[in-house]
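To start, the structure itself, in structure tokens.
Proteins come first, then strands; the chains are lettered A, B, ... in the order of their sequence lines, and each starts at number 1.
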Amino acid sequence: MNEDLLLATLDEDQRRAVTHGEGPLLVLAGAGSGKTRVLTTRIAWLLATGRARSHEILAVTFTNKAAREMAERVEALLGNALRGGFVGTFHRFALQLLRRHPHEAGLPERFAVYDADDQKGLLQQVLKSLGVAEPELPLKVVRARVSAAKNALLSPEKLASAARNSRDERIAHIYKAYQQRLAAAGAVDFDDMLYLAVALLEQQDALRRGLAERFRWLLVDEYQDTNLAQARLVRLLGGPHPNLTVVGDEDQSIYRWRGAEVENILRFEEAYPRATVVTLGRNYRSAEPILRAAAALIAHNSRRRPKQLSSQAGAGVPVAVFQAADENDEARFVVDELAGVFPGTVAVLYRTNAQSRPFEAELVRRSVPYVVVGGTRFWERAEVKDALAYLRLVVAPDDELAFRRAIRVPARGVGEVAMDHLSRAAAQWGVSLPQAARRCPPALAPRARIALSEFFALIDGVAAETTAAAAVRRLLDGSGLLDQYSVDDEEDRARRANLDQLLAAAAEAGERGLDLAGFLDEVALLSDADTSAAGATVVLSTLHAAKGLEFDTVFLVGLEEGLLPLTRSGDEADAEEERRLAYVGMTRARRRLYLTWASLRRLYGQQAETRPSRFLHELPPHLLDDRSPLQGRDSFRTHLHRPTSDAARPAAAQAAERWHRPAAATPSQTVAHPPGGAGPRRSDPNGWRPGMKVRHPTFGHGVVLQVQGTAAQVRLVVFFDRAGRKVLIPSLAKLERV
DNA sequence: GCTTGCGGTATTTTT
DNA sequence: TACCGCAAGC
């Protein structure tokens with residue numbers, strides 16, 4: 001595509017960002033301002049104008065989904081794929097780097113990757129072996145602290161020297177022991193990937209320079225969510241004056257609790273003094289009242305750059321506010337309203353997962369199909385993880401955790417006693433636990449010895465297979481993993497089906513040229529990135545999971561003090577993050593936005609009276625349409641607003657609080673539909689279309705919600721009456737049309 | 001090694 | 001209220 005054509009449909013700000021030349025560039029991209037468009041067009045523009053060659057492009061995102069979308073859109077613009085460049089997540093980049101240079105990074109050739117569960121499991125063992133009694137140092141706290149340390153690039157030693165009290169010292173001590181255990185198992189956890197990649201580049205200057213010369217153009221998406229390690233990685237790759245484009249919006253930073261540093265984007269110009277800054281000021285998503293209300297809300301935050309977004313999406317209707325009696329009443333109202341709003345995409349967004357229940361109950365009662373985003377993910381299901389443990393042991397022969405898990409299921413008579421023998425033997429011989437098990441120490445009971453030799457015969461058999469799919473099939477046939485589950489029980493059938501899905505996924509990975517090790521790496525990094533069902537039907541989602549999505553109609557529910565904003569001990573920074581969360585929720589809406597709260601809410605079994613969220617009070621009333629039945633008497637405006645600390649709040653916020661009552665009567669409630677139907681309703685050359693009814697041998701009857709990918713790689717998101725949402729590959733799953 | 005019952009706990013979770 | 005993790009008992 002030529003240059004003019006590329007730029008033709010961009011607005012002025014977008015064009016400035018896209019056509020920036022060399023040197024650092026910060027693109028402040030407000031909600032709905034065409035962020036991804038700018039990023040992808042910029043890559044295409046750099047290539048089309050000959051400024052960059054494709055192998056010089058390094059584009060990083062946070063999710064696989066975002067990476068895939070970026071790659072696809074660049075490909076669409078260019079007419080061919082980006083060859084030799086890198087488009088992927090931070091973690092994928094880091095892992096790739098470590099895989100290419102394991103020894104320089106101090107890792108064994110075939111190191112394993114531990115996910116969050118493994119990390120917890122190993123830490124648990126460390127706590128036990130150090131004799132740490134739970135109450136003072138619960139696993140969760142330790143895990144969070146260790147993770148935070150790595151994200152902040154602190155080694156165990158550095159953490160120890162920064163310790164302020166004995167508790168900190170003990171955490172540093174546990175951290176150190178944990179790292180030793182990881183090393184012994186030949187494994188890295190998620191946080192290590194970034195940490196070790198940074199360490200690698202800091203120590204190997206020749207390698208760093210080589211990468212810097214190769215990847216001359218760096219682009220980073222969602223920069224507001226980067227942590228210290230990620231920012232450092234970017235810095236190492238680019239140096240002080242890089243051709244670096246970062247795109248982000250501090251108002252949408254919602255991962256502080258995971259180490260994200262808003263300061264990275266707020267102080268970008270300090271880190272890169274000659275940076276150019278472009279602000280994308282036009283919002284193409286939300287109708288005017290929605291955008292104005294959201295802007296008024298976020299103006300109450302102080303740690304941000306003041307900005308103005310103008311709506312390009314039309315006038316629309318006011319934001320509806322509804323006070324429900326309790327959470328069931330809230331659900332009833334929402335489902336009533338959304339029934340009248342079809343067609344068009346609808347989302348119900350809430351702060352905590354627990355809030356989905358009443359909505360699910362009501363949707364089921366009224367037979368409205370819906371999808372819950374999140375829930376137990378495919379790759380986190382016990383049966384899938386059991387099978388993966390075997391496969392991991394095939395690829396990484398020292399992986400202790402994988403061995404412990406695999407040997408346990410199905411039960412084969414190797415229990416606690418045998419494991420104690422094995423641990424001792426491993427220590428004595430100076431080998432890993434699985435290696436010790438392979439040698440079958442003579443102290444073991446005969447039953448355990450037989451079990452172990454059969455177990456390793458299976459592992460070796462699986463290892464001898466040449467493709468990932470063959471390996472998985474061999475495993476399923478030889479391990480008895482399938483036989484644990486009955487054919488009558490509904491749950492068990494779902495488990496069997498999930499193992500079939502694993503086989504399908506391995507086959508599909510094989511088609512893309514991945515071997516077993518490659519498949520496992522992908523799985524480790526993937527964790528369900530494919531299954532967002534945006535654009536399908538009614539979506540129930542947490543605010544976090546809704547980021548980056550958009551819907552014609554959004555119900556933001558549970559706007560109560562303590563719930564949104566959610567408070568625990570809550571410092572001011574937390575309060576600002578809660579406000580950003582509400583902001584993200586509101587700006588997901590295209591045409592209609594509803595804000596609801598319940599004056600009584602059952603929480604932890606106790607029904608308690610609530611107060612409306614301060615966020616409701618922060619919205620200009622003339623943009624709102626109060627639909628509450630008790631209007632005027634008990635509506636949120638009559639509730640005494642008790643601001644936490646007015647003096648500490650920015651002037652803009654206080655100004656915005658001086659609201660005046662709306663003069664006009666309530667506008668009519670006509671619902672606007674986007675022209676030509678809504679959403680990414682893709683069909684597929686093989687004839688799969690959303691809405692199609694299908695039957696699956698295990699899951700029964702269902703409806704196709706979404707068609708992803710094309711031709712041979714089609715995946716269908718199907719909602720089954722009994723089994724809920726599943727992602728299937730139709731060429732492998734035995735799907736029938738009905 | 002598997003089941004049962006008790007008590008403690010209760011966000012958000014891109015990889 | 002509901003679930004999870006753990007310990008005791010089969």
Side-chain angles (χ1 to χ4, degrees), chain A residues 60-67 88-95 113-117 119-121 124 128 134-135 138-140 143-144 147 150-151 188-195 197 221-222 224-227 229-230 252-260 327 349-355 357 373-377 379-380 407-419 447-448 451 484 521-529 532 541-549 558 562-570 574 577-578 580-582 584-585 601-608:
Chain A
V60 279
T61 61
F62 277 80
T63 66
N64 291 299
K65 200 173 122 204
T89 63
F90 272 106
H91 286 83
R92 186 181 292 276
F93 178 77
L95 179 59
V113 175
Y114 277 11
D115 69 12
D117 255 21
Q119 189 184 26
K120 256 169 72 183
Q124 178 90 294
K128 209 177 226 172
E134 280 285 303
L139 179 60
K140 287 174 53 181
R143 204 202 58 78
S147 177
K150 290 182 183 182
N151 288 162
V188 301
D189 66 20
F190 272 163
D191 302 317
D192 282 332
M193 284 189 230
L194 299 173
Y195 181 96
D221 194 12
E222 307 273 21
Q224 76 282 356
D225 287 331
T226 51
N227 60 32
Q230 287 156 336
Q252 295 182 67
S253 170
I254 55 176
Y255 285 100
R256 195 176 87 97
W257 49 276
R258 284 191 104 236
E327 68 273 5
L349 306 181
Y350 36 78
R351 177 66 239 261
T352 67
N353 281 123
Q355 286 168 260
R357 273 177 187 280
V373 177
T376 314
R377 302 153 177 225
W379 300 106
E380 286 167 14
I407 201 73
R408 231 181 35 211
V409 271
R412 47 165 68 76
V414 180
E416 207 182 326
V417 181
M419 290 309 267
R447 185 173 72 147
Q484 311 177 75
D521 268 358
E522 188 177 83
V523 167
L525 295 171
L526 200 68
S527 71
D528 200 47
S532 140
S541 169
T542 62
L543 288 164
H544 283 92
K547 187 168 145 190
L549 306 178
L563 190 57
L564 183 62
L566 188 68
T567 43
R568 358 159 265 178
S569 52
D574 285 334
E577 181 137 319
E578 294 294 317
R580 290 194 290 265
L581 222 27
V584 166
R601 185 172 293 273
R602 184 168 287 280
L603 201 63
Y604 310 143
Q606 305 287 313
Q607 196 166 55

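Taking for each of A/H91 and A/R408 the nucleotide of DNA chain B with the nearest heavy atom, the 5'-most of the two is the partner of A/R408. The residue among A/R447 and A/H544 whose nearest nucleotide of DNA chain B lies closer to the 5′ end is A/R447.
Across the protein-nucleic acid pair, A/K65 atom NZ and B/dT13 atom C1' stand 15 Å apart, rounded to whole Å. The CG atom of A/L603 sits 11 Å away from the C1' atom of B/dT11 (whole-angstrom rounding). Nucleotide B/dT9 holds its C1' atom 14 Å from the CD atom of A/Q606, rounded to whole Å. What separates CZ of A/F190 from P of B/dT15 is a distance of 8 Å, to the nearest Å. The interatomic distance linking A/R602 (CZ) with C/dC3 (P) rounds to 15 Å, in whole Å. Computed from coordinates, the A/L566 CG to B/dT13 C1' distance equals 14 Å when rounded to whole Å. Regarding A/R357, its CZ atom lies at a distance of 18 Å from the P atom of B/dA10, rounded to whole Å. Atom CG in A/D115 sits about 16 Å away from atom P in B/dT13, given to the nearest Å.
In this model, the phosphate group of C/dC6 is approached by a side-chain N or O of A/Q124 to a distance below 4.0 Å at OP1 or OP2. The shortest distance between the side-chain N/O atoms of A/K140 and the OP1/OP2 oxygens of B/dA10 is below 4.0 Å. Side-chain nitrogen and oxygen atoms of A/N353 include none within less than 4.0 Å of the OP1 or OP2 phosphate oxygen of B/dA10. Distances shorter than 4.0 Å separate none of the side-chain N or O atoms of A/T542 from OP1 or OP2 on B/dT11.
For A/T542, the side-chain contact (heavy atoms from CB on, under 4.5 Å) partners at least two apart in sequence or on another chain are A/Y350, A/N353, A/H544, A/A545.
Annotated as syn: B/dT11, whose glycosidic dihedral is within 90° of 0.
By the criterion of a centre-to-centre distance under 5.5 Å and near-parallel planes under 30°, the ring of A/W257 forms a stack with the base of B/dT12.
Within the 4.0 angstrom heavy-atom criterion, no nucleotide atom of any strand lies near A/F90. Among the heavy atoms of the strands, none lies under 4.0 Å from A/V584.
A salt bridge links A/K150 to A/D189: one of the charged nitrogens lies within less than 4.0 Å of a carboxylate oxygen. Ion pairing between A/E578 and A/R351 holds under the 4.0 Å rule for side-chain N and carboxylate O.
Ring centers of A/F190 and A/Y114: at least 6.0 Å apart, outside the cut-off.
The nucleotide whose nearest atom lies closest to any side-chain atom of A/E578 is, among B/dT11, B/dT15, B/dT13, B/dT11. Which of B/dT11, B/dT15, C/dC3 sits closest to the side chain of A/T89 comes down to B/dT15.
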Stepwise salt bridge (charged side-chain N to carboxylate O under 4.0 Å, His left out) test for A/E327 and A/R357: CA-CA 9 Å; A/E327 68 273 5; A/R357 273 177 187 280; over 6 Å; no
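Between the side chain of A/R258 and the base of B/dT15, a donor-acceptor pair under 3.5 Å is found.
For the pair A/T226 and A/F62, the minimum side-chain heavy-atom distance is below 4.5 Å.
Using atom C1' as the reference point in both B/dT11 and C/dC6, the two lie 24 Å apart (nearest Å).
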